[in-house]
Amino acid sequence: MNVEQARAWITAIATTVEAEAETLTRLDSAIGDGDHGANLKRGFAAVRAALEGFEAHTVGDVLTKTGATLISKVGGASGPLYGSAFRAMGKALASPDVTTEQLGDALDAGLAAIRKLGGAQPGDKTMVDAWLPAVAAYRKKGPRAAAAAAEEGAKATTELRARKGRASYLGERSIGHQDPGATSTALIFRALA
Ligand code: ADP
Ligand code: MG
């Protein structure tokens with residue numbers, strides 16, 4: 001991935017998040033407070049604006065700027081979580097051109113940042129349940145497999161009981177609904193593919 005491709009990834013995320021904002025909001029209305037689509041739409045619109053005219057010399061510059069903007073513009077749990085993930089990925093990719101393997105390491109660092117900040121374990125019905133299988137699949141088979149694994153992981157959250165975030169307040173009643181954050185993580189990996 002080079003700097004232009006990093007920009008293209010972020011732009012693709014902004015586009016898909018905008019297209020899917022209503023779906024994300026509907027999912028968050030069922031087990032949260034209904035703002036996930038709006039949060040990400042506003043956040044990635046701000047990222048798109050921040051990257052325009054921003055001079056990036058490395059892939060990391062693009063991703064760090066993305067993370068910092070998400071942290072400052074998105075209220076709600078997902079802003080700091082995704083923001084930290086992109087900042088961690090940015091830190092790991094301080095060159096103009098990165099290999100598939102380096103990107104795999106960076107995605108892993110992104111996952112570690114989400115887990116450190118949010119404290120969620122696999123199976124807690126959060127974005128971790130899509131991000132974790134996606135990183136594993138990326139390492140073994142590349143970006144397309146990662147996108148498929150993220151989507152599968154997101155779907156599999158339906159049967160889980162939430163143990164982190166707002167949805168955990170619902171206890172048993174969170175079962176039967178797909179997690180909004182895991183769903184948006186699938187969009188991020190689809191955009192990467
Ligand atoms: P909020 O819950 O503050 O309204 P959002 O609606 O934007 O924030 O994001 C909700 C999503 O954030 C959830 O669907 C879940 O995937 C994710 N999430 C919430 N808390 C955590 C956590 N502690 N660790 C990982 N992900 C979390
Ligand atoms: Mg919400």
Side-chain angles (χ1 to χ4, degrees), residues 10 13-48 66-89 106-138 146-147 149-192:
I10 302 304
I13 296 171
T15 303
T16 181
V17 155
E18 197 161 309
E20 301 292 329
E22 273 178 41
T23 303
L24 296 174
T25 286
R26 184 167 40 75
L27 293 173
D28 196 36
S29 299
I31 57 169
D33 57 356
D35 63 355
H36 191 56
N39 282 346
L40 291 189
K41 194 170 152 179
R42 194 178 56 250
F44 278 96
V47 168
R48 216 200 278 251
T66 298
T69 305
L70 290 176
I71 288 170
S72 71
K73 300 284 180 187
V74 182
S78 61
L81 289 165
Y82 280 142
S84 306
F86 278 97
R87 274 208 321 205
M89 288 192 279
L107 290 168
D108 213 10
L111 169 62
I114 290 169
R115 293 188 66 172
K116 187 171 175 209
L117 182 63
Q121 296 292 332
D124 283 351
K125 197 182 183 96
T126 70
M127 57 177 70
V128 168
D129 294 311
W131 199 286
L132 191 138
V135 174
Y138 181 92
E151 177 128 23
E152 224 171 274
K155 283 194 181 135
T157 62
T158 304
E159 301 311 316
L160 298 172
R161 174 185 172 158
R163 297 182 196 281
K164 285 283 174 193
R166 272 178 210 282
S168 67
Y169 307 155
L170 291 180
E172 295 276 324
R173 282 181 295 139
S174 64
I175 296 170
H177 303 278
Q178 186 167 317
D179 180 63
T183 308
S184 57
T185 289
L187 298 180
I188 288 171
F189 279 89
R190 198 204 294 165
L192 179 65

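What's counted below: heavy atoms across the whole structure, side chains too, no hydrogens, waters or symmetry copies. Counting convention: from 1, in listed order, for ligands and their atoms alike.
Close contacts of ligand 1 with Pro180, meaning ligand atoms under 4.0 Å from a residue heavy atom, involve 14 (O). Listed by atom number, the atoms of ligand 1 under 4.0 Å from Asp35 heavy atoms are 4 (O), 5 (P), 6 (O).
Judged by distance alone, the side chain of Thr157 and the main-chain N or O of Asp179 form a donor-acceptor pair under 3.5 Å. Side-chain atoms of Asp129 never come within 3.5 Å of backbone atoms of Gly153 as a donor-acceptor pair (strictly under, hydrogens ignored).
Residues Thr15 and Arg48 come closest through the heavy atom pair OG1-NH2, 3.5 Å. Of all non-hydrogen atoms in Ser168 and Arg163, the two that sit nearest each other are CB-C, 3.6 Å. The shortest heavy-atom contact between Ala88 and Ala109 is CB-O, 3.7 Å. Here the closest heavy-atom approach between residue Ala38 and residue Thr25 is recorded as N-OG1, 3.6 Å.
Taking 4.5 Å as the limit, every side-chain heavy atom of Ile13 sits out of range of all side-chain heavy atoms of Val47.
Using the six-membered ring where Trp is involved, Phe86 and Trp131 have ring planes that are perpendicular, over 60° apart on the 30 and 60° scheme.
Considering both main-chain and side-chain atoms, Gly119 never comes within under 3.5 Å of ligand 1 through any nitrogen or oxygen pair. Close N/O approach between Lys125 and ligand 1 is not found [any backbone or side-chain N/O within under 3.5 Å]. For Gly181, a nitrogen or oxygen atom sits less than 3.5 Å from a nitrogen or oxygen atom of ligand 1, counting backbone and side chain alike. Of the N or O atoms in Val128, none lie within a sub-3.5 Å distance of an N or O in ligand 1. At a 3.5 angstrom cut-off on N or O pairs, Ala120 does not count as close to ligand 1.
The closest heavy-atom contact to atom 19 (C) of ligand 1, among the options Ala167, Ala154, Ala77, Ala182, comes from Ala77. Taking only non-hydrogen atoms, the option from Ile114, Thr157, Leu81, Thr183 nearest to atom 21 (C) of ligand 1 is Leu81. Of the listed options Thr126, Thr185, Asp179, Asp179 places a heavy atom closest to atom 13 (C) of ligand 1.
Counting protein heavy atoms only, atom 2 (O) of ligand 1 is closest to Arg166 NE, 3.5 Å. With hydrogens left out, the protein atom closest to atom 20 (N) of ligand 1 is Gly165 CA, 3.5 Å, a heavy atom. The closest protein non-hydrogen atom to atom 5 (P) of ligand 1 is His36 ND1, 3.4 Å.
Within Asp28, the N, O or S atom lying nearest to the Mg ion (ligand 2) carries the name OD2.
Counting heavy atoms closer than 4.0 Å to ligand 1, residue Asp33 contributes side-chain atoms (C-beta onward) but none from N, CA, C or O. Proximity of Asp124 to ligand 1, defined as any heavy-atom pair under 4.0 Å, is not found for any part of the residue.
Remark: at the Mg ion (ligand 2), atom OD1 from Asp35 and atom OD1 from Asp33 enclose 80°, rounded to the nearest 10 degrees.
Results of the side-chain hydrogen bond (donor to acceptor under 3.5 Å, both in side chains) test with Thr183 over Lys155, Glu151, Gln178 single out Gln178 as the only residue that passes.
Side-chain contact of Tyr82 with Thr66: a donor-acceptor pair under 3.5 Å is absent, judged by distance alone.
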